[in-house]
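Since the structure comes first, as structure tokens, the remarks are kept for the end.
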Amino acid sequence: MMNSINKISQEILAKLPLFRLKDLIRAVRACKTAAEERAVIQKESANIRTAFKSENPDTRHTNVAKLLYIHMLGYPAHFGQMECLKLVASPKYADKRLGYLGIMLLIDEKTEVLTLVTNSLKNDLNHSNMFVVGLALCTMGNISSSEMARDLCSEVEKLMGSSNTYIRKKAALCALRIISRVPELHENFLSKAKSLLNDRSHGVLITGITLVTEICQQNPEIIPTFRKAVPLLVRHLKNLTSAGFSPEHDVTGVTDPFLQIKILRLLRILAKGDREASEAMNDILAQVATNTENTKNVGNSILYETVLTIMNIESEAGLRVLAINILGKFLSNRDNNIRYVALETLNKTVGIETQAVQRHRNIILDCLRDGDISIRRRALELSFALINEGNVRVLTRELLAFLEVADTEFKQGMTTKIALAADRFAPNKRWHIDTMLRMLKLAGNYVREEVLAGFISLIASSSDLQQYTVQKLYAALKQDISQEGLVLAGVWVIGEYGDVLVSSGAFEEEEGVVIEVSDSLVIGLLQSILLGPYANQVTREYVTTALMKLSSRLSDASAQSKIKELLNQYTVSMEAEIQQRAVEYTNLFSYDSIRPAILERMPVPEPRTIIANNSTSDNTHAGHTASSGKANGPSDQDLLLDLMGVGTSGGGDIGGGDSSDIMAQSPTAAMSPQQPKTSNADLLADLFGGSSSVAPTTTTTTTSTTSSSMNNDLMNLLGDSQAQASKPAQPPVDPLEALGQSFSITTSSSPANDSAKGYEAYSKNGLTIRLVPSKDRTNPAIINIQALFINNGQATISNLQFQAAVPKSQRLQMNTATSNMVQPNGTEKQLMRVNNPQQTTVKLRLRISYDVAGERIDDIAQYGPFPEGAF
């Protein structure tokens, strides 16, 4: 029965015209579906359009009201903009009020119709009725454009001096809109803004203070002008705090908290960096801080602004301690918003009053266990900021306890910061090592490479603690091999100091458990890591190298046999890097006379800088660029960004094997006459890390006392044919250096077509650049391009910098040029290698910079594709 009645009523409403706004609202509310609502709105919009065309002034008010309701529902209503302008022109107040409301809703500062509103606003700003003036000011304050602000600025300035409180307040807010749209007009309101600060009306005073605050924030040079008003503002604040009950301004027992907050904000701006102004407000700030109740949000908001003001001005030390204590009370509040605000503010002020913040350390640590993740994050940041020499033990212990239960997103950042704190404030190396071990046990999967490198450097430099550390790591790996960071550190240390571990025999752990150690047990542990479910390529690289290291440290024959067996299994590994290393290591067993020297302990590595932030730079570029010549600053790199829409790169993996043979050398270092000779330790430095050292592109002559027979044996590692071919061309080479070369994939030093003229890519100012391409013999996907720099002029070309970029699908690596100076009629060379796995067209974008005849030349050129059959 009810459904049929509703249906009948809807049909009646659909047939009858909706003369009043109430009828439209009723019809919309009666709709059961969105489709019915759209139908009603479409029909009524059509009726309104028809009524607007009839130009009937009697129905205009009702139709605009209905149109605004339609706009509030989200339907198009822009066709009523002109009708709103007509209502504004009406002499009736009701029509003006609805018209201005429509203008504020349907028109913004980007609408062209807005220019037609300016004249109506100007007339109404001079109207005798204060409510009409208020409507005009309100509209202008909401939608004023920069052009309207310039046109009506003088009228608003005049109204700020009105004797009517209502108009003064509206005019001040309108002035705020004007200076936000046209900042240079602030000078027109300076004198009137000063006078508003003396106003007795709270409404006018709060708008005046807001206007002055905006002016000072936009124009800091104006601050000294308003600084003379500090005593007046202090008096206003004192009257508010000491005033009795005022029903008009009372908010839960506090007199006008909004005005108090505005005054505190302005005082903070005026007194910043000024000792005299700060002293003038010290007493009132102390009074507000001690007398304001903190049981309700109204009082807490005032206290919060007071704290910010105290910490931003030249306040006394006692006052700053009082501010920190207020924030400490906030931390005890049950409201999460207040605690969050307190932690955020303490993070900003901890550098100013560290000792005062330290008194609240316990409650800050309690916030680490809060249910709100944002509070935990801020508490964690603050906890790290509080660490110093005196509390590093206590705070680190608490942070390690939190690390065990922390959210996954926190762990990497926490491990980095704990490592930084331990490195900076560690009381001794034993504590430092224990802390890092504990961290690796708890969150080894989240430890960054820099942190791990720093820990290894610490162990290598602590000779008196190496036995202790290797025992601890051995015991930790016996219990848990799921933490990658722990495994990598443990394997590295066992590989380096396995003889120290075995010679110590059984040792007792802290829990009283005796840990047995022997050659076979150590090898068995490494084997269990290889076969375990957590092993990955990096882990296998570390373990295979550690096994090779142990082959020169352990004397047990069965252990040696087991090592050979394990390494031999990986000579057929599907992972190219591991297979290569395994083959090299198994070959090394044939040279027992030099194997111990090659596998001797690593020198103490240089400490690596740990960056505290959690973000890591994205190494995946759209393309790759490389450069030669002098080292370029950021500006040169930025110029390269526009070559092909690519990021700059110092080199990258372009081959399918070891990354070492394509690693770009530093041009500055390579060309410096004072470059030190590469040491044996440097050549072997990366034997452990899974990537071998960089193979030199040119043969370096070294003095060596090693016999020639040892050299011959070393060269045989590459195969007889390569060794015989290399003997006549190479002078005596350090055997360790030769081994370092043999452990890298051989790169061709120059293309086969080196003597050919190649293809001209650039020719200006006497400099000609020709490109000689050829296929690489070891990898058909790699193209070697020899760049020839030919000086055809009479002047020397110096400071030559040659940079190149390739498309996204290719990767580029550049070797060092033979020289960055080209003599007249001379030629210099540089090898580029392009990895083109997709066999796409090779195109090069070149940037050439050089000095010739006292002039610096910067040029950009492009070459490609190469002619068919060029390589």
Quiz item: Any donor and acceptor pair, going by atom type alone, linking the side chain of Asn347 with main-chain N or O of Arg378 inside 3.5 Å?
Solution: yes

Practice problem: Taking only Lys NZ, Arg NE, NH1 and NH2, and the carboxylate oxygens of Asp or Glu, determine whether Arg377 and Glu409 approach each other closer than 4.0 Å. | Solution: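 Yes, this pair counts.
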
Practice problem: Not counting sequence neighbours, which residues clear side-chain contact (heavy atoms from CB on, under 4.5 Å) with Thr252? List them please. | Solution: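 If we apply the side-chain contact (heavy atoms from CB on, under 4.5 Å) test to Thr252, skipping adjacent residues, the hits are Lys296, Val298.
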
If we ignore angles and hydrogens, is there a donor and acceptor under 3.5 Å between the side chains of [X] and [Y]?
X	Y	answer
Ser201	Asp199	no
Tyr75	Glu37	yes
Asp108	Thr111	yes

Quiz item: Think Arg49 forms a cation-pi with Phe79, using NZ or CZ under 6.0 Å from the six-ring centre and within 45 degrees of its axis?
Solution: yes

Using 0.5 Å steps for rounding, measure from the [atom1] atom of [X] to the [atom2] atom of [Y].
X	Y	atom1	atom2	result
Ile261	Leu303	CD1	CG	10.0 Å
Ser162	Lys192	OG	NZ	10.0 Å
Asn119	Asn123	CG	CG	5.0 Å
Leu240	Ile302	CG	CD1	8.5 Å

Practice problem: Would you sort out whether Glu55 and Arg60 count as a salt bridge (Lys or Arg N to Asp or Glu O under 4.0 Å), showing the intermediate values? | Solution: CA-CA 8 Å; Glu55 295 288 342; Arg60 182 177 294 134; 3.5 Å; yes

Quiz prompt | side chain to side chain donor-acceptor pair (under 3.5 Å) partner of Glu305, the single match among Gln260, Arg268, Lys262 | solution = Arg268

Quiz prompt | Within residues 100-133 or reaching into it, pairs that qualify as ring-ring contact (aromatic ring centres under 6.0 Å, His included) - sequence neighbours excluded | solution = Phe131-Tyr166

Please list, one pair per line, the donor and acceptor atoms closer than 3.5 Å that link side chains of residues 147-158 to other protein atoms, with sequence neighbours excluded.
from: Glu147; atom 1: OE1; to: Ser145; atom 2: OG; distance (Å): 3.4
from: Arg150; atom 1: NH2; to: Glu184; atom 2: OE2; distance (Å): 3.3

